[in-house]
Structure formats: C-alpha cells, structure tokens
Amino acid sequence: MIQREFSINIVILLLLNFLVKPLYIFAIEAGVQNLVGPTEYGKYFILFDFVFLFVFINDAGIQNYNSRHVASNRENLGAYFGELLGFKLFTGLLFTLITLTSAWAFGYLYQEWLMLIIILGVFFLNSVFMLLRSSLSALGYYRWDSYISALDKIILLLGLGVLVWRGYNGADFEIIWFPIAQLIAAIIACFTAFYLLKKTAIKLNVSFSFDGFKKMLSVTLPYAMILLLAGAYNRADAVMLDQLLLDGDYQAGLYAAAYRLIDAGGMVGFLFASLLLPMFANMITKKEDYSNLFSMAYKYLFIIGLLIALTCGFYANDIYNILYSAEYQGTSSVLTILMWSFVPVSLTHCFGSFLIANGKLKAINTIFLIGLVTNLIGNYFLIPIYKAEGAAFMTVITQIFLLLGMVFYVGKNYYNLN
C-alpha cells in the first residue's frame with residue numbers, strides 16, 4: 001500500500017514540477033541572465049549563495065525534524081505546532097541579523113544592500129512555506145503537498161514572464177526585479193499553504209517560549225548541522241570565485257549558467273526526498289519492511305540521474321546554444337564537467353533521507369564535514385588556476401565522496417537492503 005501511495009504521489013510531483021519548474025528555470029532564470037549578462041547575474045548569484053551559507057540558522061533543522069517527528073507522532077502536531085512556528089520566527093530573526101553582520105564583514109552590505117535584504121526575505125518565506133508543506137506531508141496529506149509544490153514557480157512564470165518576454169532588453173531590465181518577484185511569489189505561496197493546513201484538525205497559533213526554544217534547539221541542532229555543512233559545500237563555490245578571482249562576478253555568472261542545469265535536474269531528487277523521509281520515518285516507527293521502498297527509490301534515482309547527466313554532458317554545446325546568448329558560447333565545458341556530479345547528487349537524496357529517518361544524524365554530519373573540508377581545500381587550489389571549471393571539478397569530487405560515504409554506512413549497518 002505504501003509503495004502504491006509513493007508511486008502515485010511521485011508521479012503527481014514529477015508531472016507538476018517537470019511542467020512548471022523547467023519552464024521557470026530555462027525561460028525565466030535563463031531569460032533574466034541573458035538580459036543582464038554574466039557579470040550582473042553573477043552579482044546576484046554570489047549574494048544568493050552567500051545568504052544560502054547561513055540557511056542553517058534560518059531553518060535550524062526544523063523541516064527535517066518536523067517531517068520525521070510528526071510522521072512518527074501525527075497525533076501530537078497540534079500540541080507543539082504553535083511553539084514550532086514561534087521558533088521559526090525566532091530563528092528567522094537570528095538568520096537576518098547574523099547574515100547582515102557577515103555581509104558587512106565581507107563587504108557585500110555596501111555593494112548591493114537592498115538586493116541582499118530582499119534575498120533574505122525570500123529565503124525566510126521559502127523556509128516557512130517548506131515548514132507548512134512538511135507538516136501537510138507528515139500528517140499524511142501527501143497530495144495537498146504535491147499540488148502546491150510548484151505554486152511559487154507558477155506565480156513567477158506569470159509575473160516575470162511578462163517582463164522577460166515583452167519589450168524589455170538588457171538596458172531596461174534591472175536584476176533587482178528578479179528577487180522582488182520571488183518575494184511576492186513566496187508571500188502568496190505561504191498564505192496558500194497556511195490556508196490548507198488550517199483546513200486540517202490542527203489548531204494554528206504562534207507561541208513564544210524561550211525555555212521551549214532551548215529545548216527544541218537541542219533536538220533540532222543535529223538537523224541544523226546537516227544544513228550548515230550541506231549548504232557550505234554546495235554554495236561556497238560562488239563566494240570563493242568572488243573572493244579568489246579579480247573577475248569573480250563574471251566567473252560566478254558562468255558557473256551559475258552551468259549550475260542552473262544541476263538545479264533543474266536536482267528537483268527530481270529533492271521531490272523524492274520530500275516523500276521518502278516521512279514515509280521511511282513512519283515505516284521505521286511501525287517496524288514495517290522498508291527494503292522494497294528503498295530499493296525502488298534508489299533504482300529510479302540512479303536511472304533518472306544517469307540519463308540526465310549523460311544528456312547534458314554530451315550535448316552541452318547544443319544546450320548552451322538554445323538557452324544562452326552569444327556571451328556564453330564557448331563556456332559549456334563548465335557544464336560538461338559539472339553534470340557528472342548529478343548521479344551522486346541524485347542518489348544521496350535517497351540514502352540521506354533513509355539515514356535521517358533512522359536518526360543517524362551523527363553519521364551524516366561526519367560525512368558532510370569531511371566532504372566540506374575536501375571541497376574548500378580543493379577549491380582554494382583549483383579556482384585560481386582553472387576558475388569556474390576548477391569549481392565544477394571539485395563539486396564532482398565532493399559529491400562522489402559523499403555518496404560513497406553514505407553507501408558504505410548503509411551497506412555496513414543495513415545489509416538487508418537490496
């Protein structure tokens with residue numbers, strides 16, 4: 001029965017997201033980048049990735065904890081949801097203050113302070129949206145979660161599509177319009193998810209209790225560490241390109257053009273994980289056999305990941321000719337290298353969800369920490385020589401290492417999986 005529900009909902013998720021998100025990524029994101037050029041878009045991409053480095057404070061592990069805990073204790077969500085939402089607001093304030101302080105130290109607050117603040121707002125609202133969605137999924141409303149999963153991208157398609165496709169050129173379009181549109185879409189998405197959650201039996205309120213916050217932080221801290229380490233090794237590249245190179249904005253723009261394909265394909269693994277985590281947690285709590293679900297999930301992800309990686313890797317030049325303006329021609333080697341990280345990236349969503357559902361947070365954090373150190377050291381030596389291509393190569397090495405670490409741990413401790 002659980003395999004049937006998983007199959008139905010993953011089909012709904014994939015259909016919605018494969019229809020909407022690729023349109024957004026390739027028509028809107030790529031359209032904006034073509035309008036403003038690699039250097040201007042590189043400035044946005046650097047700020048976006050800089051803020052991403054602090055997302056662990058904003059989320060504080062709440063989403064993963066919520067998915068696992070509520071799926072195992074669905075009857076208790078009403079008792080602690082108000083405190084959870086209050087904790088979310090508290091971590092959001094900390095996230096804003098710490099990120100702005102760090103931006104001041106790095107000099108980003110002087111350069112593009114308004115865009116930085118808007119991006120902060122987008123990150124906060126998106127995390128609230130994901131918290132509300134994870135509550136719906138953990139309560140068993142998988143289809144409601146699936147239906148609204150692409151809502152923010154639909155809004156952006158309708159809003160930004162007019163700006164990108166109707167009468168604006170590179171001289172008229174301002175890059176700051178991009179995060180402003182994201183902020184508006186995030187607000188609408190949050191109100192929609194809140195309305196759906198209100199239709200359940202859960203009583204929605206906001207409760208502030210610093211004693212409760214301290215207790216919750218002690219529980220969610222290991223989940224926050226996962227976000228800290230994962231965000232650092234995934235998003236440090238653009239910041240290091242900016243800090244280590246004189247033409248850092250331009251190189252970050254080239255890296256962003258290639259990374260967009262990873263983002264587009266990566267939604268597959270993310271969608272799988274959003275369903276797998278609460279399903280694994282519920283089955284483990286009930287002591288049900290999860291081996292068939294695990295086997296089906298990683299086989300699906302391997303096939304999908306390999307097909308996407310091979311297609312993008314071998315046809316990188318053609319993809320660039322379709323997506324990007326003349327400024328980007330001759331730079332597709334960054335994509336050719338980067339896409340080989342996609343297979344391990346896809347599979348880690350399955351193995352990572354399984355380990356989180358089992359509560360093996362220390363193992364994941366250990367693997368991620370070693371991967372982060374490897375990534376930073378490699379980038380420090382490769383970026384000054386090979387620039388964006390060097391960052392792409394280290395991403396491949398890092399993702400392979402992370403996957404091997406997870407496979408080894410799961411194989412050693414859960415040998416009955418097939």
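Using a 3.5 Å distance cut-off with no hydrogens or angles, the side chains of N375 and N379 do pair a donor with an acceptor. For the residue pair Q399 and N234, a side-chain donor N or O sits within less than 3.5 Å of a side-chain acceptor on the partner. Between the side chains of Y44 and Q33, no donor N or O sits under 3.5 Å from an acceptor N or O. Residues Y300 and S295 have side chains that never bring a donor and an acceptor to within less than 3.5 angstrom of each other.
Side-chain contact between F90 and L93: absent, with no pair of heavy atoms (C-beta onward) separated by less than 4.5 Å. For the pair Y41 and D249, the minimum side-chain heavy-atom distance is 4.5 Å or more.
Between F191 and Y195, the distance from one ring center to the other does not fall under 6.0 angstrom. Note: Y320 and Y324 meet the aromatic proximity criterion, with ring centroids under 6.0 Å apart.
A pairwise comparison of heavy atoms in T374 and M394 identifies O-CE, 3.4 Å as the closest pair. A189 and D152 get closest at one heavy-atom pair: CB-CB, 4.2 Å.
Between D242 and K43, no side-chain nitrogen of the basic residue sits less than 4.0 Å from a carboxylate oxygen of the acidic one, so the salt-bridge criterion is not met. Note on D263 versus K153: no salt bridge recorded, every NZ/NE/NH1/NH2 to OD/OE distance being 4.0 Å or above.
Not one N or O on the side chain of T99 forms a donor-acceptor pair closer than 3.5 Å with the backbone of T96. Side chain of N358 to backbone of F354: a donor-acceptor contact under 3.5 angstrom is found. When atom types are taken as modelled, the side chain of T311 and the backbone of L307 share a donor-acceptor pair closer than 3.5 angstrom.
A parallel orientation is assigned to the rings of Y108 and F106, their planes being inclined by less than 30° (bins at 30° and 60°). By the 30° and 60° cut-offs, the orientation of the rings of F294 relative to F351 is perpendicular. Taking the six-membered ring where tryptophan is involved, the planes of F123 and F95 are tilted, since the angle between them lies from 30° to 60°.
Partner R235 forms a side chain to side chain contact (heavy atoms under 4.5 Å, CB included) with one of F50, F54, F45 and no other, that one being F45.
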